[in-house]
Amino acid sequence: MVEVILPTQIRMIAQLKPKVCVKVADGATLNTLLDGLEADYPALRGALRDPSSRRRRPFIRFFIAGEDFSNENPDSPLPISVVDQSEPVVIVGAIAGG
Amino acid sequence: MTTVRLLVGTKKGAFILTSDGKRGDWKVTGPHFPGWEIYHIKGSSIEPNRIFASQSTGWFGQFIQRSDDGGETWESVGRDFSYNGTPGDHLWFDGSSRPWQFTRVWHMEPSLTDVDTVFAGVEDAALFKSVDAGQSWTELDGLRNTKSSSAWQPGAGGMGLHTIVVDPSDPDRMFVAISAAGVFGTTDGGGGWKVLTKGLRSEFMEDPDADVGHCVHRIAMHPGRPERLYMQKHWDVMRSDDSGANWHEVSGNLPTDFGFVIGAHPRNEETVYVIPITSDTEHFPVGGSLKVFRSTVGGDEWQPLTRGLPQVNCYVNVLRGAMSIDSLDPCGIYFGTTGGQVYVSSDEGESWEAVVRDLPAVLSVEVQSF
């Protein structure tokens with residue numbers, strides 16, 4: 001299982017708790033984690049990634065183990081500290097707008 | 001007792017204003033969806049408590065919300081607006097071609113005959129239909145596949161299908177307006193479409209009389225004479241008396257014929273309202289004086305309506321979806337501004353009052369009376 005912390009606005013719309021747990025297989029990547037998240041919570045489909053290209057929406061950022069993972073390869077394995085639940089994946093909306 | 005409900009979409013949420021048939025005292029609720037852009041929010045004429053809202057942000061994209069209790073509670077419904085097949089290309093600002101890409105829903109239009117059917121006009125321009133109250137959407141791709149679509153191009157606000165008008169006497173007859181492409185009409189519920197731009201002239205185009213490329217800001221239908229259509233184009237106020245087959249200019253004595261909104265009187269087919277905006281580079285009223293103009297002869301001859309409206313230091317805009325007219329007698333007219341005011345006239349435009357003054361910038365106003 002991986003803990004995922006969601007941005008406030010999207011969890012209000014999707015009526016979710018701030019933190020959710022997603023079951024992942026061995027060798028999980030950011031993409032497979034997001035696949036699982038969207039499967040568990042269909043309201044999130046398209047809100048974090050483009051539904052067809054799976055590309056990150058421009059103002060969405062992924063922080064993993066304290067590092068900005070947003071521009072890393074989403075098909076590379078997640079750190080062990082995330083997979084063993086000692087640290088969460090944090091999804092945030094970037095500072096933008098007016 | 002008559003209830004009048006105003007559905008107001010803003011840059012930072014939706015607001016619902018409710019009054020009785022006198023339209024003097026208003027109860028305000030909101031913001032609904034605080035922080036989110038609500039491009040359009042509109043209720044069903046069959047079941048007024050069923051309301052659809054287009055909700056979006058740059059962070060999370062497009063959501064659609066539905067209420068079945070008049071806006072008390074909301075349910076997030078379907079939001080997959082996938083184009084049919086592989087989308088083609090349209091023109092970009094610099095003359096290059098660019099593939100269709102979904103950005104947002106500009107307009108929600110509940111069916112006049114089936115409470116579970118609703119249409120959505122989107123950017124990049126296309127028309128979608130839901131027959132399950134918004135849970136799933138199917139593109140009516142006959143519109144996007146008209147042979148002219150490769151020459152459609154975005155206006156400054158994007159290439160949005162921003163206006164959907166349905167003929168109350170024949171719901172299979174619909175008209176849509178796209179910036180910057182033109183007006184298109186269907187007589188079979190959205191299967192086949194015709195370009196309806198004969199008579200439009202746009203000087204910014206290489207060929208000012210071309211079939212497509214016109215930046216139509218809004219169209220309105222007279223409900224009792226559906227073949228009578230009015231248009232506020234980027235520049236020019238236009239009228240058609242033959243369901244869009246031919247258009248002629250009725251700008252007449254307006255101080256400027258640039259603007260965004262246009263609305264038809266519910267009974268008098270010759271009465272029409274516009275709010276002139278200075279120019280395409282100065283999006284505020286002429287001289288800082290906010291005036292609604294009314295023609296009672298189908299255009300060309302216009303009278304300013306100013307009582308209760310600010311006549312000095314007013315530099316707001318009134319966006320294309322931000323005016324609505326009810327069907328009561330006398331009719332009520334409502335519009336919202338980018339300064340956050342919502343103005344109401346309960347006497348056909350003779351006098352006005354701001355019923356709220358400090359909302360976020362208003363994107364759309366729709367009125368229901370039941």
Side-chain angles (χ1 to χ4, degrees), chain A residues 3-20 22 30-31 33-64 68-72 74 88-98, chain B residues 10-14 30-39 41 52-67 73-87 99-105 120 122-124 126 128 134-137 139 338 340 360-361 363:
Chain A
E3 287 183 344
V4 179
I5 296 176
L6 296 166
T8 303
Q9 276 193 317
I10 196 64
R11 67 179 166 78
M12 287 172 65
I13 293 301
Q15 298 179 330
L16 299 175
K17 294 176 180 174
K19 185 187 292 184
V20 298
V22 180
L30 180 60
N31 263 341
L33 170 66
L34 294 172
D35 290 343
L37 180 68
E38 291 170 354
D40 290 349
Y41 307 104
L44 297 178
R45 185 173 152 75
L48 307 172
R49 301 183 295 176
D50 181 278
S52 50
S53 72
R54 298 165 91 209
R55 196 174 300 162
R56 172 178 61 85
R57 291 187 60 81
F59 294 156
I60 297 297
R61 313 293 292 188
F62 302 111
F63 284 83
I64 298 177
D68 187 351
F69 208 77
S70 306
N71 296 318
E72 301 299 321
V89 170
V90 182
I91 304 175
V92 300
I95 295 172
Chain B
T10 80
K11 288 275 283 185
K12 297 293 179 187
H32 304 267
F33 325 114
W36 293 72
E37 288 183 320
I38 307 297
Y39 260 62
I41 169 171
F52 294 93
S54 168
Q55 173 197 21
S56 64
T57 69
W59 288 283
F60 308 112
Q62 181 69 52
F63 283 74
I64 300 294
Q65 297 283 345
R66 189 188 73 216
S67 174
T73 60
W74 297 87
E75 179 185 357
S76 178
V77 291
R79 44 196 282 265
D80 181 1
F81 292 92
S82 298
Y83 299 112
N84 287 350
T86 303
W100 246 259
Q101 184 175 26
F102 174 82
T103 303
R104 61 170 56 84
V105 173
V122 312
E123 173 190 353
D124 284 335
F128 285 79
Q135 294 293 352
S136 62
W137 298 91
E139 186 190 6
T338 54
L363 302 175

Using modelled atom types only, decide if a donor and an acceptor are shared between the side chain of B:W59 and the backbone of A:I60 within a distance under 3.5 Å.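 Checked: no pair found.
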
Any donor-acceptor pair under 3.5 Å from B:R79 side chain to A:R45 backbone: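 It does hold such a pair.
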
Does B:T57 have any side chain to side chain donor-acceptor pair (under 3.5 Å) partners at least two apart in sequence or in another chain, and if so, which?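 Per chain and number, B:T57 pairs via side chain to side chain donor-acceptor pair (under 3.5 Å) with no residue.
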
Among A:A94, A:A14, A:P42, which residue forms the greatest number of heavy-atom pairs with chain B at distances under 4.5 Å?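 Most heavy-atom pairs under 4.5 Å with chain B: A:A94.
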
Between B:Q65 and chain A, with a heavy-atom cut-off of 4.5 Å, which part of the residue counts as in contact: side chain, backbone, both or neither?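 For B:Q65, the contact with chain A is made by the side chain alone.
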
Applying the side chain to side chain contact (heavy atoms under 4.5 Å, CB included) criterion to A:I13, which one of B:W74, B:W36, B:F60 satisfies it?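 Only one of B:W74, B:W36, B:F60 forms a side chain to side chain contact (heavy atoms under 4.5 Å, CB included) with A:I13, namely B:W36.
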
B:Q135, CD: over 12 other non-hydrogen atoms inside 6.0 angstrom: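 It does: B:Q135 CD has more than 12 such atoms within range.
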
Is chain B contacted by the side chain of A:P58, its backbone, both, or neither, given a heavy-atom distance below 4.5 Å?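 No part of A:P58 comes within 4.5 Å of chain B.
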
